[in-house]
Amino acid sequence: MSWLDLGPIEGIPVRGARKVKTAEGCIAVFRTADDAVYAVSNACPHKNGPLSEGIVHGHKVTCPLHNWIFDLNTGEAQGADDGRVTTYPTRIEDGRVHLDLSQLDRREVA
Amino acid sequence: MTRKQLVIIGAGMASGRLLEHLLEADASAYDVTLFNAEPRGCYNRIMLSPVLSGEKSFPEIVTHDDTWYADRGITCRFGERVVKIDRDRKVVTGEKGDVAYDKLVIATGSSPFIIPVPGKDLPGVVAYRDLEDTNAMIDASGTRGGRAVVVGGGLLGLEAAAGLRLRGMEVTVLHLMGHLMERQLDASAGHLLKADLERRGIRVLTEASTAEITGDGKVEMVKLADGTELPADIVVMAVGIRPETNVAKAAGLNVNRGMLVNAQMESTSDPDIYGLGECVEFDGNIFGLVAPLYDQAKVLAKTLLGEGDVFNVKQLSTKLKVTGCDLFSAGDFNEGDGREDIVFRDPARGVYKRLVIEDDRLIGAVFYGDTADSNWFFGLIQSGEDISENRDTLIFGPAFQGGAPVDPLAAVAALPDEAEICGCNGVCKGDIVSAIEGGAGDLGAVRAVTKASGSCGTCTGLVEQVLAVTLGDGFQMPTAQPMCGCTDLTHEDVRRLIKSQELKSMPAVWQAGAWKTPDGCHSCRPALNFYLLADWPVEYQDDPQSRFINERKHANIQKDGTFSVMPRMWGGITTPDELRAIADAADKFDVPTVKVTGGQRIDLLGVKGEDLPGIWADLNRAGMVSGHAYSKGLRTVKTCVGTDHCRFGTQDSTGLGIKLERALWGSWTPHKVKLAVSGCPRNCAEATCKDVGIICVDSGYQVGVGGAAGMDLKETERLADAKTEEEAMALTIAFIQLYRENAKYLDRPYKWVAKVGLDWVKARVVDDLDERQRLIDAFALSQSVYQKDPWAEHVKDRTDDYTPLADLTLEAAE
């Protein structure tokens, strides 16, 4: 595991998201109403809509471009839409958000 | 050959139905003259409750409009009372003259019973009978914080109470008996109903005897026999109705409680005079519900055409038209020797069902909270069949009989053809099925052919199920139109809920509206955010996380994820300095496209998200603010050059446009709002297709509203003519505030005006000067909070939103 400290959870708005820029593209880090934190690829598989700008409801986000809805737990598109976004493990320690980037590292190695 | 003369006194629902049957069977049998004391033709009186609550508008419940009567050559004498009937000469005398008859129908309906207490004649005491009463109640609810006392806890009283509550009044219901609706409900169901109403904020006092109504020049207080005093701005008397028989009595016809008729609806004292509707008495019965009146109309039409038919009295069932209170009762449910009860209670769901059985037959039923199977039970009561075999499972309804699968459609499929679907219009399942087989493929068509679900509408779901069963896959069940999947409430329901229960936060709305999701969805949250900030600008805090990206970022997202930036140009006027600043910003931030828009300003397209605060700060420094080109709010006020330069200009259209834009900018509205001011009727600013469009003329300003030039194309309708610039501004602001307070989210003004009617808008914005001022004040209060430049605010406090939490691309480069 390769954990990156992203700072206090308060840095992310409730029912909102912030972005982490990587060489592979942006990761959107979400905070839900019950203070769960999720990280998924920022680009919607449909037309690359920025998911970090979508409306967060429950543990889901709606893409701002064409209203595709993704479950933040699994990254799966909901309903009739077919597709998924990559998810990244997160954890909260002492109120600080950590993001696991080992998937990215592996990809770089490969 | 001269046709026979038929005169009808009263244009209520029964006589409307009579005319339909009569003219359908033989349009040339009679010349018809129709008197009505109300200054209008027939409308669906049952639906006054949804008009009162705001769920429907009056035009939606008109069943026969002027064209209908004109097409059929009916002479209408509306707004004219009948003075007397001369039976010897066979002449009816109206206020404006005589008319001779061969046959006369008296359909004068009923009049409300006003309890004879001191103060009953004070202004502010109304009955609940016609459109005038309904409008009086709507007007009384216009002032927030108004208090209403409804005397009478029967069907009509409770519908009035629920409507007034939805209009935001504090409502108390006074009922003389021990429980509500005692003629239709037993004590247990009455108790559940009372608890439900109290949860909606309606206070219910039972065993309450009204002693006196007091007030100085108008209603102020209701005093009860036990000394309780209830302050009131309006008192609604809904204790009952009695047949209106004055005309019949004066003509010397036999009248007991009502005008006496035989089974052919003929007066028992004059073979050329007939009675119809609530004014008649037949076999000791008088009638208040619509179903038997329609039966009477059918019989009378045949009698008038010389065909034989017989009216007989049927079992009746009752439903309450209060959204969310499901109750049903039918038959006889009093306790008695030899009668047995089957009772089912589910307190947590608020469900109560009681069946009354005598000699192995179902004779009565009372349901509260779950009335889905009520028609099946009503069918059993009417048929009187032996239920002993199914008695064990009877109360669970049709789905459990004979091991049939639990499928909502199975219950409907199992209904016999004689089962009554529409109680109001007496339409059986068989009628509907034959209509469908005759080509009626949807609800509207079935309604047109059979009238099923066309009156009170509570059987709409059943009719749709009959369609589904009959057509199978060929029928697409229309989806109800709740706000979204999170709630069963419509947008209109939610707006009323927010106002009436003073809900000031999103969690409060989710709770009160029984949201099925923890925190809504992308569809309801932006709407709720708008409703709350529009109704409670001071108390509610705008929630950026419930806004679509464009409004959160204050820029339009483009398909490639970049944004457009558009500064305001007041009334389309700019300066060389502003243009230089725009050009500099476009250079500095590599803006690929610069476009002049149709709204008379300049759009910078293709700006990267993280550059937004920078470009905004530069434009701010040059004195420009956000043009809100992305918002459900005021967009632009387009102008022509007016008297400043144009030889045709009649007024300073540019100046008025700038003033309007300065007054309105920054306000949030249900959908975008675009204005224009043209300096003369040549209309160079294209004002006649805007949400509000003003045309300057020599004598002042013509203010039009509700135009559209998008998916729909529509010309504005004239709201009013203003003499001065100030008045034109006041009308515009009041109109926009009324739209903010009432429209459904994402309805442009033209859609909203079509729903509520321009007359309704005019009454508030143009005619009622107090209301106009209230609207202007409410708008000013909202602007004191929301009229601020979002660019400056975001540059100062919100730059975090535009920068990443971490940037690993930089680390990688090191």
Side-chain angles (χ1 to χ4, degrees), chain A residues 2 4-34 36-37 39 42-44 47-69 78-79 97-99 101 104-105 108, chain B residues 484-487 505-507 510 515-529 541-563 608-610 612 630 794 797-814:
Chain A
S2 138
L4 175 71
D5 184 348
L6 295 177
I9 188 168
E10 288 74 27
I12 309 173
V14 176
R15 296 193 192 94
R18 295 280 299 276
K19 287 186 296 191
V20 172
K21 277 190 159 183
T22 80
E24 308 269 319
C26 284
I27 296 172
V29 185
F30 293 90
R31 176 179 174 193
T32 64
D34 50 1
V37 170
N42 191 41
C44 178
K47 300 266 181 183
N48 288 321
L51 296 180
S52 59
E53 304 293 355
I55 287 179
V56 180
H57 46 100
H59 288 197
K60 300 191 190 83
V61 65
T62 301
C63 175
L65 287 194
H66 305 96
N67 289 341
W68 281 37
I69 299 173
Q78 305 291 292
V97 177
H98 297 259
L99 172 67
L101 292 171
L104 281 181
D105 298 344
E108 274 165 24
Chain B
C484 63
C486 302
T487 177
S505 72
M506 237 182 266
W510 296 331
W515 248 246
K516 299 166 206 162
T517 48
D519 48 5
C521 71
H522 63 266
S523 176
C524 60
R525 286 242 303 277
L528 289 182
N529 190 52
Q541 192 76 38
D542 179 43
D543 175 24
Q545 301 306 337
S546 294
R547 287 186 174 277
F548 291 122
I549 180 171
N550 289 349
E551 294 188 346
R552 179 148 25 94
K553 285 277 195 209
H554 289 282
N556 264 326
I557 189 166
Q558 309 294 312
K559 66 174 190 180
D560 61 356
T562 64
F563 293 85
K608 290 184 278 301
E610 54 265 39
L612 287 173
Y630 44 81
H794 279 235
D797 303 324
R798 304 265 302 275
T799 43
D800 268 5
D801 297 1
Y802 301 87
T803 52
L805 259 183
D807 192 343
L808 303 182
T809 56
L810 298 178
E811 285 172 24
E814 279 164 10

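Below, chains carry the letters A, B, ... as their sequence lines are ordered, and counting in each starts from 1.
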Any donor-acceptor pair under 3.5 Å from A:Arg18 side chain to B:Thr803 backbone: yes

Quick check for you: to the nearest 0.5 Å, what is the distance between B:Cys524 atom SG and A:His57 atom NE2? 9.0 Å

Quick one: pull up CD1 in B:Ile549 and CG in A:Leu65 and give me the separation to the nearest 0.5 Å. 7.5 Å

Taking the side chain as every heavy atom from C-beta outward, state whether A:Ile55 and B:Cys521 have any pair of such atoms under 4.5 Å apart. no

Considering only heavy atoms, which portion of A:Leu99 lies under 4.5 Å from any heavy atom of chain B: side chain, backbone, both, or neither? neither

With side chains defined as the heavy atoms from C-beta onward, is the minimum distance between B:Glu610 and A:Lys21 less than 4.5 Å? yes

Residues at least two apart in sequence or cross-chain that pass salt bridge (charged side-chain N to carboxylate O under 4.0 Å, His left out) with A:Glu10, listed by chain then number, are none

Does any part of the side chain of B:Asp519, heavy atoms only, come nearer than 4.5 Å to the side chain of A:Arg15, both counted from C-beta? yes

Side chain / backbone / both / neither for A:Ile12 at chain B, heavy atoms under 4.5 Å: side chain

Taking the side chain as everything from C-beta on, heavy atoms only, tell me whether A:Leu4 gets closer than 4.5 Å to B:Leu808. yes

Spatial distance of atom CG (A:Asn67) from atom CZ (B:Phe548) [nearest 0.5 Å]: 6.5 Å

Contacting moiety of A:Val97, where chain B heavy atoms sit under 4.5 Å: neither

Check whether A:Val20 gets within reach of chain B through its side chain, its backbone, both or neither, counting any heavy atom under 4.5 Å. both

